[in-house]
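I have placed the structure first, in the form of structure tokens, so that the comments after it can refer back to it.
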Amino acid sequence: MRGDGMEATDRMTVLVTGGAGYIGSHAVLALRDAGRPAVVIDNLVTGFRWAVPEDVPFVEGNVADMDLVGRIIAEHDIGAIMHFAGSVVVPESVVDPLKYYRNNTAASRALIEAAVAGGVRHFIFSSTAATYGIPEAIPVTEDAPQRPINPYGMSKLMTEAMLADVAAAHPLNYCALRYFNVAGADPQGRSGQSTAGATHLIKIAAEAACGKRGHVAIFGTDYATPDGTGVRDYIHVSDLAEAHLRALDTLMAEPTRSHRLNCGYGRGFSVREVLDAVDRLTNRTIERRLEPRRAGDPDALVADNRAAIATLGWTPRRDDLDTIVRDALAWERGLK
Ligand code: UFG
């Protein structure tokens, strides 16, 4: 039955920042597939206009532009914000930290201020496992110490801190989703990881499998892991997008509570296991070059995801490395 109040919440329009980017575009697809209205703001520095469906209102602009964001909030009666926009390359954050404090921390501050001024009630924030730094224990729970080891992680942790203070002072609740290693692509082939100059393992391996790179480097073979290579918790981007929809419902259902939740599957794969999967699925052998460790890489990073599952009623549906790799490969093959 509609008309019982559900309709009003279902119709709440969501402003998606960074909606033309990799993860944001998948969230836009998930919202649209669920029949929920969305508006995208993206400056198209790393995002792509084609990644946003034609029937979703799109504004090219900067989330730090408070006048612009204020106008969008008023014009579209925005009730919630999903904030994906930001810079995401860890090594770049080490050489250009102020870019990260500008694009992530300062831009988020302006966006949150515009949200409060415009009466936005719910805020979903793209946080990261990088806020934990080198974890003391695996799997990582949400109450583990947050001690980032790079400016990227710190820029995101500072935004989490702002949201906690703002939620205590204003009628806005938030959900910080701490992503582990996001990979894969929309199973229907509508979006995927497209940004040039990839640094992420599955993207790089997919490029190599498609002949766009000659080899894949394995950064470090002496980690304290079963095969000596780094272990990560890879999560399918469509499952992550779905978690954002569940987060929105959770925030709307209990508007006085906020949440900080890990998004991963709760189990890890090594670099060698990932490359084995790519080889197996392509029936080829990608050349592997053993290289020294990359600075700042922890041995293993695996989420304890029980809180996200319990709090959000989230059901991961693509918790399978081969599925993630297959979707990443399909997308890579279609890219020019
Ligand atoms: N790796 C390689 N070769 C490569 C690329 C990566 O061996 O060419 C290894 C890394 O050393 C690591 C694993 O593959 O062991 C995964 O590396 P990614 O670069 O794909 O991802 P990270 O774990 O470094 O980074 C991810 C997110 C970041 C986030 C971080 C949290 O992409 O946004 O987790 O620590 F900050």
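Whatever order the structure lists ligands and atoms in, that order sets their numbers, starting from 1. Because the structure is a prediction, the values reported are computed rather than measured.
Other residues, nucleotides and ligands contribute over 12 non-hydrogen atoms within 6.0 Å of the CD atom of Glu287. Enclosure of atom CZ in Arg49 by more than 12 non-hydrogen atoms of other residues, nucleotides or ligands within 6.0 angstrom is indicated.
Closest to atom 22 (P) of ligand 1 among all protein heavy atoms lies Asn181 ND2, 3.5 Å. If you check which protein heavy atom lies closest to atom 19 (O) of ligand 1, you get Arg294 NH2, 3.0 Å. For atom 4 (C) of ligand 1, the closest heavy atom belonging to the protein is Phe219 CE1, 3.4 Å. When hydrogens are left out, the protein atom nearest atom 10 (C) of ligand 1 is Asp297 OD2, 3.5 Å; that is the closest non-hydrogen contact. Nearest to atom 9 (C) of ligand 1 among the protein's heavy atoms is Val271 CG2, 3.6 Å. Of all protein heavy atoms, the one closest to atom 16 (C) of ligand 1 is Tyr234 OH, 3.5 Å. Remark: minimum distance from atom 23 (O) of ligand 1 to any protein heavy atom is reached at Arg232 NE, 2.7 Å. Scanning the protein heavy atoms around atom 5 (C) of ligand 1, the nearest turns out to be Thr199 O, 3.6 Å.
Contacts between Phe180 and ligand 1 below 4.0 angstrom, taking non-hydrogen atoms only, are absent altogether. At a 4.0 Å heavy-atom cut-off, ligand 1 does not touch Ile202 at all. Counting heavy atoms under 4.0 Å from ligand 1, residue Ala130 touches it through both backbone and side chain. Residue contacts with ligand 1, taken as heavy atom pairs separated by less than 4.0 Å, involve His200 via backbone and side-chain atoms alike.
Counting side-chain heavy-atom gaps under 4.5 Å among Ile, Leu, Val, Met, Phe, Trp and Tyr, the cluster of Tyr174 also holds Leu15, Val39, Ile41, Val59, Val63, Leu68, Val69, Ile72, Ile73, Ile78, Ile81, Leu111, Ile112, Val116, Val120, Phe123, Phe125, Met162, Leu163, Val166, Leu172.
Side-chain contact check for Tyr265 and Asp239: at least one donor-acceptor pair (N or O, by modelled atom type) lies under 3.5 Å.
Comment: Arg260 does not engage Glu142 in a salt bridge, judged by the lack of any side-chain N to carboxylate O separation of less than 4.0 angstrom. Salt bridge present: Asp276 and Arg288 bring a charged side-chain N and a carboxylate O closer than 4.0 Å.
If you number the atoms of ligand 1 from 1 as listed, the ones under 4.0 Å from a heavy atom of Gly230 come out as 15 (O). Listed by number with element, the atoms of ligand 1 under 4.0 Å from a non-hydrogen atom of Leu301 are 31 (C), 35 (O).
Remark: Asp222 engages Arg293 in a salt bridge (charged side-chain N to carboxylate O under 4.0 Å, His left out) (not counting sequence neighbours).
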